[in-house]
Undergrad: 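Okay, here's the structure, questions in a sec.
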There are 2 protein chains.
Amino acid sequence: MTDYDRFYCANAKGMKESELTELLKFSSKPGIISFAGGYPAPDLFPIKEVTEIINELMAKDGKNILQYGPTEGFLPLREELLKFMKKQGADLSIDQLFIITSSQQGLDLVGKLFIGPGDIIMTGKPTYIGAIMAFNCYSARLRGVELEDDGINTVKLEQEIKSLIAGNQKPKFIYVIPDFQNPSGITISMEKRKELIRIAETYDLLIVEDSPYRQLRFEGDPEPPLISLNSEKVISLYTFSKILLPGFRLGWMAGPESLIRKAVIAKQACDICAPPFNQAITAEFMKRGLLDKQVEKIVPAYREKRDFMLTKLAEYMPEMDGLTWTRPKGGLFLWLTLPENMDAVEMFKEAVENKVAYVVGQAFDPEGKKRNTMRLNFSFAGLEQIDEGVKRLAQVIKNR
Amino acid sequence: MTDYDRFYCANAKGMKESELTELLKFSSKPGIISFAGGYPAPDLFPIKEVTEIINELMAKDGKNILQYGPTEGFLPLREELLKFMKKQGADLSIDQLFIITSSQQGLDLVGKLFIGPGDIIMTGKPTYIGAIMAFNCYSARLRGVELEDDGINTVKLEQEIKSLIAGNQKPKFIYVIPDFQNPSGITISMEKRKELIRIAETYDLLIVEDSPYRQLRFEGDPEPPLISLNSEKVISLYTFSKILLPGFRLGWMAGPESLIRKAVIAKQACDICAPPFNQAITAEFMKRGLLDKQVEKIVPAYREKRDFMLTKLAEYMPEMDGLTWTRPKGGLFLWLTLPENMDAVEMFKEAVENKVAYVVGQAFDPEGKKRNTMRLNFSFAGLEQIDEGVKRLAQVIKNR
């Protein structure tokens, strides 16, 4: 095969097959119990309601919803989302919010707008692999700051930022997943949210807040979204993938008006508009009050799965110094840390042979180093599978 | 409002509101007959068939089609498209083709893979505004080469390429729309297709072939797609927007296997996957043989509209030296040239006041200069509207 390296631009030279993709291929082999993907439970998809809505919309408005739409998105959907965001504590105007083709597109747009080659982005450590991929496409240099039980270590974050600025390497933005972080499941405390805003204000930095799991809270009261604490320094990304269904590829971005205007321009060059058909269905779904009901249906189901996985981890996992896992208050994932001398990457083959899969934590390390961690998803598998899967995983760990 | 310029990367500083967007806003005002957009005729959307398919798929496979899917796209859709491409003369393997979220995304991906700041891209002059926008996001420098009645002037193209290479500024690729070009309606002849391939081979250049209108041929025999003439140097972009419907935002990209692999990696960081739901519907639509039937339905309808617009142009337009228009053999657009001293940009306001809209040709000029041209779309308006719209436009031109 001809080698095309000579044609790629500098940014493209660094784009490599993600470990996640490769591993996800294994995890879909027959008989494997997968804790790997970030898939919502398909049993909970509102198939009946969505089908009904489609039939009504097609009969009434088919010509319109199958046509091109504005880059900003379908107006009734944006209006529904303003109400939705208001309930989250963020009071936005229509020009502060637009529809994106998945929140992953939001990460790409943020890269497109802000990241020049070598620019530094502050992230948690670990952080979402999709953000690492998106920012790497723009040749970002990621600086990960350790997470604590209540979120990113803001003291270290500030120190790092200070010293970067002193070295004339001011970061372009701080990227955080405030609620039930992917991959760790950790939520940022109110105190640290305020600290993040103070840091952004002090050093004139933007914050990109990625919030796919916010609505999936199993216990306790929600902390305010960062955008509600400062409307000039925060860009927020949301998705329908975890609260409704992923197959529509829809999300939304909110932020300061002139920034959103610029993001819309960038989006137009990416795909003109998010699928109008899917947007119209989703708007109607929200208009009927079905999204809130859907969340009410998902939350207890995922809470049960989380509780069950935690019980099974306590039951099956060997007692080992350094073997720990998080206890997330919501979302889809928990994070398991092995003893320092164990290697979750090497162990992966053995796990797959024993018919259980996870995502190696290394994929979420902005520096790609840490090898003794793994992400476990509890939303996709059924209870029986969770029982059996955790048992198999514990056996693999014992065998090392 | 705070000014965010200090945060944008160098590439983003050049991203500006497109003229097209602004003008399209005018053209959707009530009472205006619009020849502006590139909208297909909504009366021809296969609403009934699509609705039937959705009902069947949701009952049978809802959980699967509403879930995430592979970045490469839904396998049955890719398989259908292989057959489709084979009928076009391009015999591809499955790894040479993947699904994109609109062919506009293909343009973005091509930019992402190949264009570094200041890189030169060869295009026709005029050329598709969406490509100009997409490539500009990567700070490309576009070099437009004049179109002739049988496509891009390949003699000039070769001269330009030679002199660029001599100056150590080798272009990154040649971008062409071979069939019923947007905006001009011009189709590249067989002779020039061979010339393009020879040039690509001689100077080791890639060709990006953008082919949204290929299936919409009203007369004569199709020329082979460039990808069928050389499978190592050509990347092809296709869309369902013009032959099925735009509201699903689906297209496909074909090219050499290792390049496609790289494009898939880049796409994963952009939006993970094209909407699986929409892909499943489209695959089923193709499987039932409905896409061919749909094209058979569209072609005579658009042929009639083209013929009608040409008749009305001949009937209403004043006789003026330098006032000419193309006679496309397919597609959605024709291209009208005013006398050199007339300005279609200035005239636009008057046109809108007289309740008719077009797109100013300047938007399609890679150098953004030429002001005496306009693109007229004939697919969207009905026959009565075409009659009245051309009459109004002729009046505006007479009044200058």
Side-chain angles (χ1 to χ4, degrees), chain A residues 1-2 4 7-12 15-18 21 39 42-43 45 47 51 54-55 58 62-63 65-68 101-102 104-105 108 112-116 119 130 133-134 137 172 206 232 245-249 256-259 262 265-266 268-278, chain B residues 1-2 4 7-12 15-18 21 39 42-43 45 47 51 54-55 58 62-63 65-68 101-102 104-105 108 112-116 119 130 133-134 137 172 206 232 245-249 256-259 262 265-266 268-278:
Chain A
M1 191 179 300
T2 328
Y4 290 88
F7 293 111
Y8 297 127
C9 64
N11 279 353
M15 296 178 200
K16 284 188 202 114
E17 198 80 48
S18 108
T21 325
Y39 287 21
D43 293 340
F45 290 158
I47 297 178
T51 310
I54 291 173
N55 279 301
M58 285 293 246
K63 290 180 195 178
I65 65 178
L66 297 174
Q67 190 56 278
Y68 288 101
T101 316
S102 80
Q104 183 68 39
Q105 182 177 61
D108 179 51
K112 211 162 187 157
L113 290 185
F114 302 118
I115 306 178
D119 278 349
M133 278 163 28
C137 285
K172 292 310 281 277
L206 295 174
E232 295 205 331
L245 51 89
F248 282 181
R249 314 305 302 128
E257 195 178 318
S258 83
L259 252 173
K262 190 88 166 182
I265 295 169
Q268 189 172 42
C270 289
D271 62 1
I272 303 180
C273 58
F277 179 65
N278 309 17
Chain B
M1 191 178 301
T2 327
Y4 289 89
F7 294 112
Y8 297 128
C9 65
N11 278 353
M15 296 178 202
K16 283 187 202 114
E17 199 81 48
S18 110
T21 324
Y39 286 20
D43 293 339
F45 290 159
I47 297 178
T51 311
I54 291 173
N55 280 299
M58 286 291 246
K63 290 180 195 177
I65 66 179
L66 297 174
Q67 190 56 276
Y68 287 103
T101 315
S102 81
Q104 182 68 39
Q105 182 176 63
D108 179 51
K112 211 161 188 158
L113 289 185
F114 302 119
I115 307 178
D119 279 349
M133 277 164 27
C137 285
K172 291 309 281 278
L206 294 174
E232 294 204 332
L245 50 89
F248 282 0
R249 312 305 303 126
E257 196 178 317
S258 82
L259 251 173
K262 190 89 166 182
I265 295 169
Q268 190 172 41
C270 289
D271 62 2
I272 303 180
C273 58
F277 179 65
N278 309 17

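Numbered from 1 within each chain, the chains take letters A, B, ... in sequence-line order.
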Undergrad: Short question: side chain of A:Lys172, backbone of B:Phe7 - any donor-acceptor pair under 3.5 Å?
TA: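 Confirmed, A:Lys172 side chain pairs with B:Phe7 backbone.
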Undergrad: Could you tell me which of B:Pro42, B:Cys273, B:Pro246 has the largest number of non-hydrogen atom pairs under 4.5 Å with chain A?
TA: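 Of the options given, most contacts go to B:Pro246.
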Undergrad: Taking all atoms of both residues into account, what is the closest heavy-atom pair of A:Gln268 and B:Gln104, and its distance?
TA: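 A:Gln268 and B:Gln104 have their closest heavy atoms at O-CG, 3.8 Å.
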Undergrad: Quick one: closest heavy-atom pair of A:Lys16 and B:Ile265, and the distance?
TA: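 For A:Lys16 and B:Ile265, the tightest heavy-atom pair comes out as O-CG2, 3.5 Å.
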Undergrad: Ignoring hydrogens, what is the shortest heavy-atom contact between B:Arg249 and A:Pro275? Give both atom names and the distance.
TA: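 Heavy-atom minimum between the residues: CG-CA, 3.3 Å.
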Undergrad: With distance as the sole test, does B:Lys262 use its side chain to make a donor-acceptor pair with the main-chain N or O of A:Ala12 at under 3.5 Å?
TA: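 It does hold such a pair.
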Undergrad: Quick check on the interface: out of B:Asn278, B:Leu113, B:Asn11, who has the most heavy-atom pairs with chain A under 4.5 Å?
TA: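 Maximum pair count with chain A is reached by B:Leu113.
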Undergrad: With a 4.5 angstrom heavy-atom cut-off, could you sort out which part of A:Phe45 is near chain B: side chain, backbone, both or neither?
TA: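 The side chain, not the backbone.
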Undergrad: Can you tell which of A:Thr101, A:Ile65, A:Asp43, A:Leu206 has the highest number of heavy-atom pairs within less than 4.5 Å of chain B?
TA: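 The candidate making the most pairs under 4.5 Å is A:Leu206.
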Undergrad: Report the option among A:Pro276, A:Cys270, A:Ser102 that has the most heavy-atom pairs separated by less than 4.5 Å from atoms of chain B.
TA: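 When all of A:Pro276, A:Cys270, A:Ser102 are compared, A:Cys270 has the most.
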Undergrad: What's the verdict on side chain to side chain contact (heavy atoms under 4.5 Å, CB included) for B:Tyr4 and A:Glu232, showing C-alpha distance, side-chain angles and the deciding distance?
TA: CA-CA 10 Å; B:Tyr4 289 89; A:Glu232 295 205 331; 3.6 Å; yes
Undergrad: Are any of the side-chain heavy atoms of A:Tyr8 and B:Ile115 separated by less than 4.5 Å?
TA: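 A side-chain contact under 4.5 Å is absent here.
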Undergrad: Please round to the nearest 0.5 Å and tell me the distance separating atom CD1 of A:Ile54 and atom OG1 of B:Thr51.
TA: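 Going from the CD1 atom of A:Ile54 to the OG1 atom of B:Thr51 covers 8.5 Å.
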Undergrad: Can you give me the closest heavy-atom contact between A:Ala269 and B:Cys137, atom names plus distance?
TA: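 Heavy atoms only, the tightest pair is CB-SG, 3.7 Å.
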Undergrad: Are side-chain heavy atoms of B:Ile272 and A:Gln105 found at a separation under 4.5 Å?
TA: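 When only atoms from C-beta onward are counted, A:Gln105 and B:Ile272 do not touch, as no gap falls below 4.5 Å.
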Undergrad: What part of A:Ala10 gets closer than 4.5 Å to chain B, counting heavy atoms only: side chain, backbone, both or neither?
TA: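 Neither part, no heavy atoms under 4.5 Å.
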Undergrad: Tell me if a side-chain donor or acceptor on B:Gln67 pairs with a main-chain N or O of A:Gly247 at a distance below 3.5 Å.
TA: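 No: the side chain of B:Gln67 does not pair with the backbone of A:Gly247.
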Undergrad: In Å, rounded to the nearest 0.5 Å, how long is the span from CG of A:Asp271 to CG of B:Asp108?
TA: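 A:Asp271 atom CG to B:Asp108 atom CG measures 8.5 Å (nearest 0.5 Å).
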Undergrad: Would you indicate whether the side-chain heavy atoms of A:Lys63 and B:Leu245 approach each other to under 4.5 Å?
TA: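 In short, these two side chains do not touch, never coming nearer than 4.5 Å.
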